[in-house]
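Notes to accompany the following structure.
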Amino acid sequence: MTLHKIIISLASNCGQKANIAEARRRLGDLITPRRYTEAIWTEPIRTTRPDLYLNQLVEADTALSADDLEAALKRIEADMGRTAEDRREGIVRIDLDLLLYDRRRYHERDWERPYVKKLLGMFGRFNFSS
């Protein structure tokens, strides 16, 4: 079984602490976490809602393909109550984005966001050799 090195972004602006904790619990069925960053509060981006976001990254291993992992992340979001209506209203119960799969980057714009750079810095240097 081949394990793939990944980074996933977790974010919530509604019931933030509880939703991040629940997402972490559910991710345990898909990934083997190496380490989580601390969770940080950030200002909203591209929304009229004033609610702060709680953001965190996890560096982990998974046996899933990138496509299967992304589909599983979307299922977790839906199971936790993320809806199109909430999206229109700027409510983010949970947002789980695959940022890195082995050496391939996803969500390129996110890599330039100051909070993502700050969170990535908490990892120090990435170790993808083991």
Side-chain angles (χ1 to χ4, degrees):
M1 170 175 64
T2 301
L3 290 179
H4 304 278
K5 310 303 186 249
I6 61 168
I7 295 175
I8 296 171
S9 170
L10 299 81
S12 176
N13 74 353
C14 172
Q16 297 94 324
K17 288 181 181 179
N19 283 330
I20 292 290
E22 178 62 14
R24 285 178 59 155
R25 187 189 69 72
R26 291 175 186 234
L27 283 171
D29 295 335
L30 306 175
I31 65 173
T32 303
R34 288 176 169 226
R35 55 191 171 162
Y36 281 90
T37 64
E38 71 179 76
I40 62 171
W41 294 97
T42 60
E43 295 291 329
I45 299 173
R46 297 183 324 199
T47 182
T48 58
R49 292 189 67 86
D51 307 299
L52 292 177
Y53 279 78
L54 190 58
N55 296 275
Q56 188 172 47
L57 299 181
V58 60
E59 180 185 13
D61 298 312
T62 187
L64 295 174
S65 70
D67 288 342
D68 288 346
L69 179 58
E70 284 191 306
L73 296 177
K74 296 308 162 204
R75 278 193 304 278
I76 290 172
E77 290 176 349
D79 289 349
M80 288 182 63
R82 188 150 192 207
T83 65
E85 181 179 338
D86 280 355
R87 184 179 293 246
R88 286 188 297 275
E89 294 180 17
I91 298 169
V92 179
R93 295 177 197 288
I94 194 66
D95 184 33
L96 301 171
D97 289 330
L98 178 61
L99 293 183
L100 191 73
Y101 186 90
D102 289 331
R103 297 190 183 273
R104 182 175 174 206
R105 285 184 175 200
Y106 292 76
H107 298 274
E108 280 291 335
R109 286 188 309 174
D110 289 351
W111 286 82
E112 297 306 314
R113 297 185 192 278
Y115 74 88
V116 171
K117 288 180 179 184
K118 180 177 181 176
L119 289 169
L120 286 167
M122 291 179 189
F123 285 145
R125 296 187 61 136
F126 297 115
N127 179 9
F128 292 107
S129 60
S130 58

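Quick caveat: nothing in here was measured; it's all calculated off a predicted structure.
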Would you say the side chain of [Y] lies within less than 4.5 Å of the side chain of [X], judging by non-hydrogen atoms?
{"X": "R26", "Y": "E22", "answer": "yes"}
{"X": "Y53", "Y": "I45", "answer": "no"}
{"X": "I91", "Y": "T83", "answer": "no"}
{"X": "I40", "Y": "Y115", "answer": "yes"}
{"X": "L98", "Y": "L73", "answer": "yes"}

Heavy-atom donor-acceptor pair, [X] side chain to [Y] backbone, under 3.5 Å:
{"X": "R35", "Y": "F123", "value": "yes"}
{"X": "N19", "Y": "R93", "value": "yes"}
{"X": "E59", "Y": "Y36", "value": "no"}
{"X": "Q56", "Y": "T37", "value": "yes"}
{"X": "E77", "Y": "L96", "value": "yes"}
{"X": "D61", "Y": "L3", "value": "no"}

Residues R104, D102; criterion salt bridge (charged side-chain N to carboxylate O under 4.0 Å, His left out); working and verdict
CA-CA 6 Å; R104 182 175 174 206; D102 289 331; over 6 Å; no

- Task: Determine the interplanar angle of the Y101 and H4 rings, folded into 0 to 90°, and report it as parallel if under 30°, tilted if 30 to 60°, perpendicular if over 60°.
- Result: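 Parallel, since the angle between the ring planes stays under 30°.
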
So how far is it from L69 CG to K74 NZ, rounded to the nearest 0.5 Å?
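Answer rounded to 0.5 Å: 10.0 Å.
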
*Any side-chain donor paired with an acceptor under 3.5 Å for N55 and T42?*
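Indeed, the side chains of N55 and T42 share at least one donor-acceptor pair under 3.5 Å.
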
ask   = Testing L30, L27, T62, L57 for side chain to side chain contact (heavy atoms under 4.5 Å, CB included) with I8, which one passes?
value =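 When side chain to side chain contact (heavy atoms under 4.5 Å, CB included) is applied between I8 and each of L30, L27, T62, L57, only L27 qualifies.
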
